[in-house]
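Structure, as structure tokens:
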Amino acid sequence: MNKDSQSSVDSLEHALRLGGRLVENIASRQWDAPTPCSEWTVRDLLAHVVGMNLVFAAMLAGKHPPPSAADVLGGDPAGAYARSAQLLLDAFGVPGVLEQSFQSPMGTATGLERLQIRSYDLLAHLWDLAQATGQQLENDPVLQASAQQALEFAGGQLAGVDRAGRFAPPQPISGTAAALDQLAAFLGRPVPWSPNC
């Protein structure tokens, strides 16, 4: 694994670790709260994050993903998140996996491209989760650098692509805003967000 690839894996690990802290601090009364993903509650949102971690881990390992209707959180959402995060990191850490090509309904992409896809979706949903539960994501250089890279990758990947069913149109935001806020706005979130948006 070259230096850039290792950096991408390290950035994903950092984001997953921050996500774990958000999940652990969700209050019991917040599971049914609204989120920037208007069709999802906090529990729905976390189920999507965990489910996508499992889908990507299964794809990289050549296994079948969990059924779409599966309850991936069960009675221990924080534990489910932690387990899925570790499975994802283990899958991306397999020697040579980032250079391999993988087929999915979205097309063919290398493991590194899959990592970048997973990263921008994860970062956006961690932003969603923080907004919905009134938490603050750490404004550290690693997180902002990851968000900037994710924004650049997503901008290239989604250029000229029909967003229907995936993301709302980009929302206005200052060019001087933090990279994570810019990523959220690019992927259709109003920034700042409130339950009354």
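The shown structure was predicted, so the numbers you read here are calculated from the model rather than taken from an experiment.
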Within the supplied structure, the quantity of interest is the number of heavy atoms (other residues, nucleotides, ligands) at a distance under 6.0 Å from Gln136 CD; does it exceed 12?
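Incorrect, the count does not exceed 12.
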Which heavy atom of [X] sits nearest to which heavy atom of [Y], and what is that distance?
X	Y	answer
Val97	Ala91	CG1-O, 3.4 Å
Leu126	Ala15	CD1-O, 3.2 Å
Leu89	Val9	CD2-O, 4.2 Å
Gln131	Pro36	CB-CG, 4.0 Å
Leu45	Cys37	CD1-SG, 4.3 Å
Val191	Asp181	CG2-O, 3.7 Å

Check the pair Val94, Leu60 against side-chain contact (heavy atoms from CB on, under 4.5 Å), reporting the backbone distance first and the verdict last.
CA-CA 9 Å; Val94 172; Leu60 295 172; over 6 Å; no
Please test Thr110 against Leu98 for side-chain contact (heavy atoms from CB on, under 4.5 Å), starting from the C-alpha separation and ending with a verdict.
CA-CA 6 Å; Thr110 66; Leu98 298 183; over 6 Å; no
Between [X] (side chain only) and [Y] (backbone N and O only), is there a donor and an acceptor less than 3.5 Å apart?
X	Y	value
Gln148	Ala179	no
Gln30	Ala132	no
Gln171	Pro169	yes
Asp90	Leu87	no
Gln100	Gly111	no

Do the non-hydrogen side-chain atoms of [X] and [Y] ever get within less than 4.5 Å of each other?
X	Y	result
Leu112	Phe92	no
Thr108	Phe102	no
Leu16	Tyr81	yes
Ile26	Leu129	yes
Phe56	Leu122	no
Ser84	Val72	no

Verdict with reasoning, Ile173 to Phe186, per side-chain contact (heavy atoms from CB on, under 4.5 Å):
CA-CA 9 Å; Ile173 189 169; Phe186 176 73; over 6 Å; no
Give the C-alpha distance, both sets of side-chain angles, the deciding distance and a yes or no for side-chain contact (heavy atoms from CB on, under 4.5 Å) between Leu143 and Asp140.
CA-CA 6 Å; Leu143 180 65; Asp140 60 78; 3.5 Å; yes
To the nearest 0.5 angstrom, please state how far the [atom1] atom of [X] sits from the [atom2] atom of [Y].
X	Y	atom1	atom2	result
Leu73	His48	CG	NE2	12.0 Å
Arg43	Asp71	CZ	CG	5.5 Å
Gln116	Ser11	CD	OG	10.5 Å
Ser119	Gln149	OG	CD	9.0 Å
His125	Arg189	NE2	CZ	5.5 Å
Leu187	Trp127	CG	CH2	10.5 Å

Where at least one partner belongs to residues 10-38, residue pairs that pass salt bridge (Lys or Arg N to Asp or Glu O under 4.0 Å), sequence neighbours excluded:
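Every pair satisfying salt bridge (Lys or Arg N to Asp or Glu O under 4.0 Å) with a residue in residues 10-38: Arg21-Glu138.
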Quick one: side-chain contact (heavy atoms from CB on, under 4.5 Å) partners of Ala82, sequence neighbours excluded?
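In terms of side-chain contact (heavy atoms from CB on, under 4.5 Å), with neighbours along the sequence ignored, Ala82 is linked to no residue.
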Hydrogens and angles aside, do Arg118 and Asn53 bring a side-chain donor and acceptor to less than 3.5 Å of each other?
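Result is yes, a qualifying pair exists.
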Going by atom types only, do Asp128 and Trp40 share a side-chain donor-acceptor pair under 3.5 Å?
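On atom types as modelled, these side chains do not qualify, holding no pair under 3.5 Å.
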